[in-house]
Amino acid sequence: MERRSFLLGTSVDGVLGGYGHVNDADIIGSEVFLKTLLQERLVNRGTNQHLVALDCGSGVGRITKNLLIRYFNEVDLVEPVAQFLDAARENLASTGSETHKAANFFCVPLQWCIGHLTDDDFVSFFNRAKGCLKPGGFFVLKENLAKKGFVLDKEDRSITRSDPYFKQLFRRCGLHLFQTKDQKGLPRELFAVKMYALTVDTPPKVHKTKSKTHGNRPHIIK
Ligand SMILES: C[S@@+](CC[C@H](N)C(=O)[O-])C[C@H]1O[C@@H](n2cnc3c(N)ncnc32)[C@H](O)[C@@H]1O
């Protein structure tokens, strides 16, 4: 497992710590996840709604440019490194349209980047943020995962939590796990990455017993 310094330059390779080649796999993984969410959470996949997103820790705008701008009418970017945000502005200048655009560029640090939050601050943040979600809205977290417990990075003072650790925190926040997916295609030496979609409303009950009708339907024999 390795985490490299972010500040290698104002490029995609730079913000991915020298792992620019994972961009395609990362974007495809996020897009599949996002599409399912929009389909399942919003009426008509949100096509009749004005959708907005906040790209937190946007770097040079990689995710907004390659993904978010195609699905959201407005994307705001938050990034504390001015050079990154300037590069994002430049990268996004000719991307999008009147109805799908990068709207605001905020050069400020967030106080709640997950890997730098204590458990109590994590819970406190989501408890406040929950109140700002529109009906049908959701949080998406795409995070590095420790195999178990947590891993402390003494260099950047961040914590990488395990999947059960995150789930325990989500429960403390009163958030429901609407959907989750593993990121595929990352180099083996990196942390595993998982996507979580979190909602405030209770998910519909999943009935685990197979209905007779379903059991009798034709299906592929594996
Ligand atoms: C690994 S880079 C990822 C950039 C971008 N999300 C991407 O995937 O291309 C992490 C980004 O988070 C930003 N960052 C670090 N601390 C932050 C904070 N407190 N608030 C907002 N962004 C932060 C860094 O400057 C950097 O651009």
Side-chain angles (χ1 to χ4, degrees), residues 1-34 52-72 74-93 95-96 102-126 128-129 132 139-146 151-161 181-187 189-197:
M1 288 185 293
E2 190 182 337
R3 189 204 294 260
R4 297 203 188 160
S5 164
F6 298 152
L7 299 173
L8 293 178
T10 54
S11 62
V12 165
D13 207 39
V15 290
L16 291 179
Y19 280 85
H21 55 282
V22 306
N23 174 62
D24 287 355
D26 178 59
I27 294 293
I28 291 168
S30 297
E31 182 156 12
V32 170
F33 191 63
L34 181 63
V52 294
L54 183 63
D55 185 350
C56 303
S58 67
V60 298
R62 178 183 73 90
I63 299 172
T64 295
K65 184 181 170 90
N66 293 308
L67 176 66
L68 300 177
I69 208 161
R70 290 189 278 116
Y71 289 88
F72 293 89
E74 280 182 47
V75 185
D76 290 341
L77 291 83
V78 178
E79 169 56 51
V81 179
Q83 295 97 307
F84 285 171
L85 202 63
D86 288 344
R89 244 190 229 102
E90 214 167 288
N91 290 336
L92 290 161
T95 310
N104 297 298
F105 296 77
F106 300 109
C107 193
V108 287
L110 294 167
Q111 300 303 311
W112 46 273
C113 283
I114 300 303
H116 290 90
L117 285 190
T118 63
D119 290 358
D120 285 348
D121 287 344
F122 183 111
V123 174
S124 151
F125 164 70
F126 275 107
R128 278 179 286 135
C132 305
F139 298 110
V140 175
L141 241 65
K142 187 165 184 177
E143 284 295 321
N144 286 346
L145 289 186
V151 173
L152 213 51
D153 186 325
K154 288 188 181 151
E155 213 177 294
D156 71 4
R157 300 186 171 271
S158 68
I159 174 177
T160 301
R161 297 172 168 99
K181 199 171 187 352
D182 295 326
Q183 173 64 50
K184 300 271 185 325
L186 296 182
E189 69 271 24
L190 294 180
F191 281 117
V193 170
K194 218 177 180 73
M195 294 166 263
Y196 301 98

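Both counts, for ligands and for their atoms, begin at 1 and track the order of listing.
Note that the NZ atom of Lys142 and the CD1 atom of Ile114 stand 15.5 Å from one another [nearest 0.5 Å].
Between Leu16 and ligand 1, not a single N/O pair is under 3.5 Å apart. When only interatomic distances are considered, the shortest N/O to N/O separation between Glu79 and ligand 1 falls below 3.5 Å.
Phe72 is listed as a side-chain neighbour of Leu34, based on a closest heavy-atom distance under 4.5 Å. Residues Ile27 and Arg62 are in side-chain contact: their nearest non-hydrogen atoms beyond the backbone lie under 4.5 Å apart.
Residue contact check: Arg62 has heavy atoms under 4.0 Å from atoms 7 (C), 8 (O), 9 (O) of ligand 1. Within ligand 1, the atoms closer than 4.0 Å to a non-hydrogen atom of Val15 are 1 (C), 2 (S), 3 (C), 4 (C), 9 (O), numbered from 1 in the order shown. Interface of Val81 with ligand 1, defined as ligand atoms under 4.0 Å from a residue heavy atom, comprises 25 (O). Remark: ligand 1 atoms within the under-4.0 Å shell around heavy atoms of Gly59 are 4 (C), 27 (O). Each of the atoms 5 (C) of ligand 1 lies under 4.0 Å from some heavy atom of Ser58. Atoms of ligand 1 lying under 4.0 Å from at least one heavy atom of Ile63, given by number and element, are 6 (N), 7 (C), 8 (O). The atoms of ligand 1 that sit less than 4.0 Å from any heavy atom of Pro109 are 19 (N), 20 (N).
Looking only at atom types and distance, the side chain of Asp156 has a donor-acceptor partner in the side chain of Ser158 under 3.5 Å away.
Between the Asp153 side chain and the Thr160 main chain, no donor and acceptor come within less than 3.5 Å of each other. Although no hydrogens or angles enter the test, the distance criterion places no donor-acceptor pair under 3.5 Å between the side chain of Glu79 and the main chain of Asp86. Ser11 places a side-chain N or O within donor-acceptor distance of the main-chain N or O of Gly14, the cut-off being under 3.5 Å.
Comparing heavy-atom distances from atom 21 (C) of ligand 1 across Cys107, Pro80, Gly115 singles out Pro80 as nearest.
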